[in-house]
Amino acid sequence: MTKFIIVTGGVLSGLGKGILTASIGNLISQGKTCATIKCDGYLNVDPGTMNPVEHGEVFVLDDGTECDMDFGHYERFVGVTSKGDWNLTMGKIFQSILEKERHGNFLGKTVQFVPHVTDEIKGRIYAIAKEERADIIFIEIGGTIGDLENGLYLEAMRQLAWEQGQDNAMFVHLSYVPIPTGVNEQKSKPTQMSVKLLNEIGIQPDVVVCRCSEYLTPAIRRKISLFCNLPEENVLTGVDVDSVYLIPGELRKQGMEKIIENKMRMKFKCSDCSTWDSLAKKMCNGHKKRVKIGICGKYTALGDSYASVVEALRHSSANLDIGMDIEMIDTEKIEKGEKVENVVGELDGVIVPGGFGNRGWEGKIEVIRYARENNMPFLGICLGLQAAVAEFSRNVCGLADANSTEMNPKTKNKVITLMDEQQSVVDMGGTMRLGAYEANLAEGIISKLYNSKKVSERHRHRYEVNPDYHKVLAEKGLVISGLSPSKTLAEFIELPKHKYFVATQAHPELKSKLEKPAPLFYGLVKAASEGK
Ligand code: GLN
């Protein structure tokens, strides 16, 4: 029998529903089979075609699904390997409803939001529960209560809870308790209002977690308890913390496990969280030894655009027990005339992350040239590898016009070209080389960091290093140290004599965990800290 924990959010967006869902999972998933489902209200089939500045990072799963960045939180906190079906979007739901309608599945019936759309939503969730033989399913409803676009999901959840019965489904609602300036008092009204909205649609939360800059006072908990129909001990604080990795511990301290145990009539393993908690604390320590790493991209307007890159850096710094300062650098400013040494000269290391399109590309190449020439630790990810190859081709191999055909299709030295399988692709959605692919590593810095000759990392790209140039690059000292099993795709490169000059066509940040940082990030941070 599967238990369902449904997380909703009220008052305003950005309170951290994804982190809350993931943290509850972190607390109670040990020894249990779990799945984490996210319900998004938008009409895109998946977020793969959305600008990361609008929607945050696009997270890629082993199976190649491009999905919501909350899956990054789930995988990092709950330790599950998610599947594409676990990300529901209204795009997917409507697509399949319309296909079924055309196919004649509803013959004779008027196709309606209720029951057809709500049944489709529940049906998909029940199918996951069955397929995974899940003990617990976590379901996060995107958006904020009152949004038009998540209304159908909420109705489906109301029905699901009713169908499953008291002991098998529960609702956790994340709300907000402001302390207005001048009033200097915690205010419960926004929470009351958002729970009222939930009640109107027939949902009674079992737990309310209130984001607040300080712990809720007993008086405010009493008030929320009285007006929102739930015991005081079920009103928790989602207190502001220095690191999101401290949140599972916060919830544990406030009795979340007990509340779930009592409601669901199930027992959880008393999990050993000492390693997790101590690493989380290390992230927040006031370290004397600190490193400053620049993320040199173009989606810098939104912190979430490079979410997993940032997390991978934090995981590495916690494990090395050193402080981490991260600077977001828009490489377009180098193209507009700022001197590269003024932009990155003070840093201990640089990352050129994944990306698409021309803007900022030449600036990235300049950053890489600076890092290579000044022995500054550098990690290139996906587009970062492609930029490193273009830079090396131009400045070391003497191919002055070397470029990626993504940036200049007419260049003579096409060192980065569209992969063969991509030549005939017309549709933009879900058509890149996506998901986990293996690579074989030669002896070197990278294989040492992975401690293996065979690795599997997740991918999301259309272009590759042109195999015609592998030889020229190698002759000039660039080691292509990781190849696809077909031996045609350059998956990893390194410069052996450099302090740390490493790049990969993959996105290793997507699999980084607090207790097991992505090796290439760990290597970067370690190299950046040496001699400090
Ligand atoms: N734009 C490049 C490609 O499609 C790199 C993609 C990425 O960095 N994720 O190959």
Side-chain angles (χ1 to χ4, degrees), residues 3-17 19-28 136 138-141 143-146 150 154 157-158 160-162 164-180 183-241 246-268:
K3 308 278 181 180
F4 297 86
I5 299 184
I6 303 151
V7 179
T8 57
V11 185
L12 47 101
S13 63
L15 294 177
K17 247 183 308 99
I19 293 285
L20 175 63
T21 311
S23 298
I24 298 172
N26 178 286
L27 280 186
I28 63 173
I136 312 171
F138 300 94
I139 305 170
E140 179 190 343
I141 308 297
T144 309
I145 302 308
N150 63 23
L154 289 166
M157 291 309 103
R158 184 195 66 73
L160 180 145
W162 174 248
Q164 295 302 306
Q166 284 277 347
D167 301 346
N168 300 317
M170 70 181 281
F171 287 93
V172 178
H173 186 58
L174 178 63
S175 173
Y176 181 53
V177 168
I179 305 174
V183 183
N184 294 337
E185 198 184 300
Q186 297 177 3
K187 289 293 180 190
S188 68
K189 190 72 87 194
T191 300
Q192 293 179 41
M193 300 305 284
S194 77
V195 170
K196 202 172 249 172
L197 272 178
L198 269 176
N199 290 162
E200 271 174 25
I201 49 181
I203 293 173
Q204 169 59 45
D206 301 287
V207 183
V208 173
V209 179
C210 300
R211 254 316 274 280
C212 188
S213 55
E214 55 186 45
Y215 286 101
L216 300 188
T217 61
I220 214 86
R221 288 179 77 190
R222 217 170 302 129
K223 209 164 167 184
I224 293 173
S225 153
L226 180 65
F227 290 110
C228 300
N229 315 305
L230 73 169
E232 269 175 59
E233 56 272 22
N234 292 22
V235 181
L236 311 187
T237 312
V239 75
D240 293 354
V241 281
L246 294 169
I247 294 174
E250 274 299 326
L251 296 177
R252 191 184 316 123
K253 212 166 70 191
Q254 296 180 50
M256 181 65 105
E257 285 154 300
K258 271 272 146 304
I259 296 170
I260 301 175
E261 276 189 343
N262 291 343
K263 163 78 187 158
M264 305 281 234
R265 297 181 196 280
M266 77 188 302
K267 271 261 164 258
F268 301 120

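Listed by first and then second residue, the side-chain hydrogen bond (donor to acceptor under 3.5 Å, both in side chains) pairs that reach into residues 19-28 come to none, sequence neighbours excluded. The salt bridge (Lys or Arg N to Asp or Glu O under 4.0 Å) contacts involving residues 194-206 comprise Asp206-Lys263, where partners must be two or more places apart or lie in separate chains.
Panel note: side chain Asp240, backbone Glu214; no donor-acceptor pair is recorded below 3.5 Å. Distance alone, capped at 3.5 Å, is enough to place a donor-acceptor pair between the Glu261 side chain and the Phe268 backbone. Side-chain atoms of Gln204 come within 3.5 Å of backbone N or O of Asn229 as a donor-acceptor pair. No donor-acceptor pair closer than 3.5 Å links the side chain of Asn150 to the backbone N or O of Leu154. With hydrogens and angles disregarded, no donor-acceptor distance shorter than 3.5 Å links the side chain of Gln166 to the backbone of Ala161. Under a 3.5 Å cut-off, the side chain of Gln186 and the backbone N or O of Thr217 do form a donor-acceptor pair. Between the side chain of Arg211 and the backbone N or O of Ser175 there is no donor-acceptor pair closer than 3.5 Å. Judged by distance alone, the side chain of Arg221 and the main-chain N or O of Val235 form a donor-acceptor pair under 3.5 Å. Not one N or O on the side chain of Asn234 forms a donor-acceptor pair closer than 3.5 Å with the backbone of Leu230. The backbone N or O of Leu216 sits less than 3.5 Å from a side-chain atom of Thr237, completing a donor-acceptor pair.
Ile6 places none of its side-chain heavy atoms less than 4.5 Å from the side chain of Val172. Within the 4.5 Å cutoff, the side chain of Val195 has no heavy atoms near those of the Leu197 side chain. When side chains are defined from C-beta on, Leu236 does not count as touching Val208, because their heavy atoms never get closer than 4.5 Å. Two residues are said to be in side-chain contact when any heavy atoms from C-beta on lie closer than 4.5 Å; Ile28 and Ile136 meet this criterion.
Under 4.0 Å is where a charged nitrogen must lie from a carboxylate oxygen, and between Arg252 and Glu250 no such pair does.
Of the candidates Ile145, Thr191, Val7, Leu20, Ile145 is the only one forming a side chain to side chain contact (heavy atoms under 4.5 Å, CB included) with His173.
Residue Met266 qualifies as enclosed at atom CE: its count of foreign heavy atoms under 6.0 Å is above 12.
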